[in-house]
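Before any comments, here is the structure.
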There are 2 protein chains.
Amino acid sequence: MTQAPLDTEPDDSGPPTCFSCPNRERTEWCVLTEAETKFLVGRKKSRRYLPGETIYRQGDPCNGIYCVESDMVGIRRNDPDGNSILLGIAYEGTILGYRSYLADEEHRCSAEALKACTLCFIDAATLRQLLQGNPDLGLQFLKRTARALGQAEDKFFQSVTLTIRTRFAHLLLVMKDRYGQEHDDGGLVMELPLSRQDLASMIGVRPESMSRLIRRFEDEGIAFFSGRRVHVPRLHILMDEIQSADLA
Amino acid sequence: MTQAPLDTEPDDSGPPTCFSCPNRERTEWCVLTEAETKFLVGRKKSRRYLPGETIYRQGDPCNGIYCVESDMVGIRRNDPDGNSILLGIAYEGTILGYRSYLADEEHRCSAEALKACTLCFIDAATLRQLLQGNPDLGLQFLKRTARALGQAEDKFFQSVTLTIRTRFAHLLLVMKDRYGQEHDDGGLVMELPLSRQDLASMIGVRPESMSRLIRRFEDEGIAFFSGRRVHVPRLHILMDEIQSADLA
DNA sequence: CGCCAGGTTGATTTCGCTCAAGCAATGTGG
DNA sequence: CCACATTGCTTGAGCGAAATCAACCTGGCG
């Protein structure tokens, strides 16, 4: 469950050397010197995960951080009675588990591969050395963490002030940035990477409520859903959904 | 609105020199060298605020950070239609506005003195110099930010999974740590520093609901409220309120 | 004295949850 | 290849929690 040697692609197979990593510029690592990067390459461990596979589990001690090399990872949190909510999605070029590492706590969330994906693991000792050696790296993390904090506060604020309808509209608009294909006629099509259940949990509602919500959106011509495909005929109507709530 | 010279206590009046600050050990500044602290003392501006006075306003550009020297500051966020919710309270020895500074954004919240209190302002340029000069300071901020992020995620999670009732019990228990006076008989008395409206906004409900909630707690013998004074006859009953919710 | 903000209370409505059933797609074993 | 379980999603009926609307009370203050 934690390590499956057969799945592991050996490091010397080429690509995953940080230098050639296509995400390099987007990650915190971009401030590292060549020597530091070389050090990192020598210490990190790349590994491939299957869809649905757990990367780390809520409550585990945090032994290091992960860097998403390709595809997407879901961040989940479980409550004691077993149902999980999806707190966010991490894409290639983002770092995972840094909050627990930095706060010096155990993991508060689980991370799970949403598709087949490959991650690099950087153990705590290595990271500590890098942070100590290059202050800019710390500042990079600081910025990322501060941004994440702002988003988390937003989420709380929205959860107590907005209706689920508006929250869903928000979610769709966020998804649009990554999955949306806009057409000239103001229409939008996207293929969501999530099940209904996960969609529901992201805005904090029961799956049944999500179903009904989708139904209402369709009845009102705001958006049409078939499987994971979404069609929004007129984007501005979806936008209005948010505006009207803000002013109401 | 931003600076009122008449209220400003001159720095040379004694106390506020960081060296003698009773909060020193609790703040991020404790990692500064003597020279750096001296630099900080020379650059910071201490100022007194009246109860209810605004320290900075949501949407303002972030020109620096504030360090709470004494008493308490409320962190509020307003939605477009004017009602505000209280996101948290900052006490002496904590730093304010660092999120916006670090994320390089404008303030997302307003800060308002809940009592008469005095804060030190450290302008962005000074802070930048300190951060650049002493990597440990950045790591201090990093830890604090990471912790705050964890708390914010908790808050969101709780707002969607717990009932109002449980959230209120949580809030009371948090308040207990600072304001509670426990008696031998298992009882607890505290003087809350907040109006009903603010209490309500902290758990994301309308004031009317807060009234009813309080009523229910009294009817059930869980806690008794008179003005801002709260009496909890048996603490463990309040605790149970949280337990039962977690297991339910 | 009258005003006003903050707080309480009641009546009503709305929203989202629970429980329960049904359905389609997928998988499994014979 | 078919009967059968399983899983994810949808739908309906009923319920309960919290919001809304509205009235009223209270204490502070001009």
Side-chain angles (χ1 to χ4, degrees), chain A residues 51-52 74 76 79 81-86 112 114 157-171 191-220 223-230 241 244-245 247-248, chain B residues 51-52 74 76 79 81-86 112 114 158-171 191-220 223-230 241 244-245 248:
Chain A
R76 289 182 192 287
D79 56 0
D81 39 320
N83 32 23
S84 81
I85 83 164
L86 189 61
E112 167 202 321
L114 289 177
F157 186 71
Q158 291 183 5
S159 75
V160 300
T161 55
L162 304 181
T163 64
I164 64 172
R165 198 185 153 97
T166 315
R167 268 142 67 199
F168 188 42
H170 257 119
L171 179 60
E191 183 82 22
L192 298 179
L194 300 175
S195 69
R196 297 289 147 108
Q197 303 203 32
D198 280 337
L199 283 179
S201 78
M202 286 195 84
I203 60 170
V205 297
R206 303 276 139 197
E208 300 96 317
S209 296
M210 176 52 78
S211 265
R212 290 183 232 277
L213 193 52
I214 286 176
R215 192 90 211 306
R216 271 175 63 200
F217 270 31
E218 289 181 334
D219 288 349
E220 298 174 30
F224 299 89
F225 299 75
S226 105
R228 294 185 171 189
R229 183 169 295 271
V230 188
E241 204 55 49
S244 60
L247 307 175
Chain B
R76 289 183 190 286
D79 55 359
D81 39 320
N83 32 22
S84 81
I85 82 165
L86 189 61
E112 168 202 319
L114 288 178
Q158 291 183 6
S159 75
V160 301
T161 55
L162 303 182
T163 64
I164 277 183
R165 200 186 151 93
T166 316
R167 268 143 66 201
F168 188 42
H170 257 119
L171 180 59
E191 183 82 22
L192 298 181
L194 299 175
S195 68
R196 299 287 147 107
Q197 302 203 36
D198 279 338
L199 283 180
S201 78
M202 286 195 84
I203 59 171
V205 297
R206 302 278 139 195
E208 299 96 316
S209 297
M210 177 52 76
S211 263
R212 289 183 232 278
L213 191 52
I214 285 176
R215 193 92 208 308
R216 270 175 64 199
F217 270 32
E218 288 182 336
D219 288 348
E220 298 175 29
F224 299 88
F225 299 76
S226 106
R228 293 185 172 189
R229 184 169 294 271
V230 188
E241 206 53 50
S244 60

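- Between B:L171 and B:R167, every side-chain heavy-atom pair lies at or beyond the 4.5 Å cut-off.
- One interatomic measurement links the two molecules: CZ of B:R165 to P of D:dA17, which rounds to 10 Å at whole-angstrom precision.
- Using a 4.0 Å cut-off, some side-chain N or O of B:R196 falls inside it from OP1 or OP2 of C:dT8.
- Nearest heavy atoms, B:S84 versus B:S201: O-CB, 3.8 Å.
- In this structure, A:L162 places its CG atom 20 Å from P of C:dT14, rounding to the nearest Å.
- The aromatic rings of A:F225 and A:F168 sit parallel to each other, their planes meeting at less than 30°, with 60° as the upper class boundary.
- Side-chain nitrogen and oxygen atoms of B:R215 include at least one within less than 4.0 Å of the OP1 or OP2 phosphate oxygen of C:dT9.
- Nucleotide C:dG7 holds its C1' atom 13 Å from the CG atom of B:D198, rounded to whole Å.
- Whole-Å rounding puts the B:M210 CE to D:dA17 P distance at 17 Å.
- Phosphate proximity of D:dA18 to B:R212: absent, as no side-chain N or O sits under 4.0 Å from OP1 or OP2.
- Between B:A223 and B:V230 the shortest heavy-atom distance is CB-CG1, 4.3 Å.
- Distance A:I203 CD1 to C:dC15 C1': 13 Å, rounded to the nearest Å.
- At whole-Å resolution of the value, CD1 in B:I85 and P in D:dA19 are 13 Å apart.
- Mapping A:R167 and A:E208 onto DNA chain C by nearest heavy atom places A:R167 closer to the 5' end of the strand.
- Looking only at side-chain heavy atoms (C-beta outward), A:L194 and A:L114 come within less than 4.5 Å of each other.
- Checking the phosphate oxygens (OP1, OP2) of D:dA18, no side-chain nitrogen or oxygen of B:S209 falls inside 4.0 Å.
- In this structure, B:R216 places its CZ atom 15 Å from C1' of C:dT9, rounding to the nearest Å.
- Listed nucleotides D:dA18, D:dT20, D:dC9 differ in distance to B:R206; the shortest reach to its side chain belongs to D:dT20.
- Each of D:dT11, C:dG16, D:dA19 was ranked by its minimum atom distance to the side chain of A:S211; first place goes to D:dT11.
- Within 4.0 Å of B:I214, counting heavy atoms only, lies no atom of the nucleic acid at all.
- Following rounding to the nearest Å, A:R228 (CZ) and D:dT10 (P) show an atom-to-atom distance of 12 Å.
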